[in-house]
Q: 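Below you'll find the structure I mean.
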Amino acid sequence: MEKPYVYVTRRVPEEALIPLREYAEVNVWPKEEEPVPLQVLLEEAKKADGLFTMLSDQIDAELIEQAPKLKVVANLAVGFDNIDVEAASKHGIAVCNTPDVLTDTTADLTFALLMATGRRIVESAEYIKDGKWKNWGPLLLAGTDIHHKTIGIVGMGRIGSAVAKRASGFDMNILYYNRSRKEDVEKALDATYTPFDELIEMSDYIVCLAPLTDETKNMFTENVFKRMKPSAIFINASRGGVVDEEALTKALAEKEIAGAGLDVFKEEPIGADHPLLQFRNVVALPHIGSASVETRYDMAKLASRNIVNVLRGERPEALLNEEIF
Ligand code: NAP
Ligand code: GLV
Ligand code: GLV
């Protein structure tokens, strides 16, 4: 029997592809940092039984309609806003992601970003490397505290809850807003469900970990930033699209908030001339939430297993469109 054909849209750790190569003929776009050109992706999708994709690949209805053999799309990410899941379901294509394996790693990074922004760590590190440190000073590079402050988590899912656990260790007061109540987290971490409008007014740190959907798109508007405390720090580790970036730029320029820590942007990658990079009180990272070597290996292995499972007619571990099976 002819082996199924799987296309991998970026070079990933070869070790993770071993089970996939045993089962399928595998072709890999050979670059690690350069995405596959759309034309190549479309050509590959036409013949593929499975696609192993990155969050930077747009798997839209147009691609799906031109992929007659496609049975599974496995994204190397927990977020799946780059995939038209409805179109995939319509064509009987399973869509898979990589939940759980990246939860703690992403929560670590999110909390590190919060700390880096609050305590001006990047700015301080640049200060010393630039040879600017002449003397110790009582308020030299003084930031704002983290312990005993109020954190407001928007999107209390797997990663949001893991961030709450870290916040609890820092004696923070934990507020959260989520589509549904999370009574387990309320009990375990003494977190308080708070309507969005109140949360943004009460929090010292507002941390977004809600997925990008039609409902959450641009949820952080000009009006939302205006209602935050002038001392508030905004942290975004979900997707850039949840923020009106022009509104955030304006809020920072007019000192309506005290700073922002951003791991994600509306259009990635961004260049050094991006308006949000002009502020000393912005800590910007190139979407590295889940980027530990261990976790990236685990994610790649899970994506491979998801593909093999679907091609074997088995239910994959991380299926987004339940109706397929
Ligand atoms: P998750 O477990 O599905 O958590 C998402 C949470 O957001 C859920 O609790 C969900 O509520 C809530 N939510 C959904 N729509 C909402 C809305 N309109 N208003 C309020 N809350 C809403 O996902 P996760 O594993 O924690 O991942 C969360 C997101 O983080 C991903 O979607 C991805 O965009 C981002 N992420 C970023 C990085 C990075 O590198 N920066 C890494 C990993 C993930 P329900 O419980 O009611 O469904
Ligand atoms: C990364 O951003 C992910 O969604 O896994
Ligand atoms: C600072 O280093 C101190 O000793 O307080």
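In this text the structure is predicted, and so the values were computed from the model without any measurement. Both ligands and their constituent atoms are indexed starting at 1 by order of listing.
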Q: Is the shortest N/O to N/O distance between S290 and ligand 2 below 3.5 Å?
A: no
Q: Work out whether the distance between some heavy atom of T213 and some atom of ligand 1 is less than 4.0 Å.
A: no
Q: Can R280 and E123 be counted as an ion pair, charged N to O under 4.0 angstrom?
A: yes
Q: Any ion pair linking E126 and K132 (charged N to carboxylate O, less than 4.0 Å)?
A: no
Q: Among G79, G160, P211, which residue places a heavy atom closest to atom 13 (N) of ligand 1?
A: P211
Q: In terms of atom number and element, which parts of ligand 2 are under 4.0 angstrom from non-hydrogen atoms of L102?
A: 5 (O)
Q: Any idea which part of N97 is under 4.0 Å from ligand 2, heavy-atom wise: side chain, backbone, both or neither?
A: neither
Q: Among protein heavy atoms, which sits nearest to atom 4 (O) of ligand 1, and what does the distance come to when rounded to 0.1 Å?
A: G157 CA, 3.2 Å
Q: So is L212 close enough to ligand 1, meaning a heavy atom under 4.0 angstrom away?
A: no
Q: Could you check whether E323 pairs with K90 (Lys NZ or Arg NE/NH1/NH2 to Asp/Glu carboxylate O, under 4.0 Å)?
A: no
Q: Report the nearest protein non-hydrogen atom to atom 42 (C) of ligand 1: residue, atom name, distance rounded to 0.1 Å.
A: T106 CG2, 3.3 Å
Q: Geometry only, no angles: is A237 polar-contacting ligand 1 at N/O separations under 3.5 Å?
A: yes
Q: With side chain to side chain contact (heavy atoms under 4.5 Å, CB included) as the test, would you mind laying out the steps for N236 and D263 before giving the verdict?
A: CA-CA 6 Å; N236 188 11; D263 186 41; over 6 Å; no
Q: Could you check whether any heavy atom of F196 sits closer than 4.0 Å to an atom of ligand 1, since that is the contact criterion I want to use?
A: no
Q: For atom 12 (C) of ligand 1, find the nearest protein heavy atom and state the residue, atom name and distance (0.1 Å precision).
A: N178 OD1, 3.0 Å
Q: Report, in ascending order of atom number, the atoms of ligand 1 lying under 4.0 Å from any heavy atom of D263.
A: 39 (C), 40 (O), 41 (N)
Q: Pull out every atom of ligand 1 sitting under 4.0 Å from any heavy atom of Y177, numbered as shown with elements.
A: 19 (N), 20 (C)
Q: With atom 1 (P) of ligand 1 as the reference point, say which of M156, R239, R158 has the nearest heavy atom.
A: R158
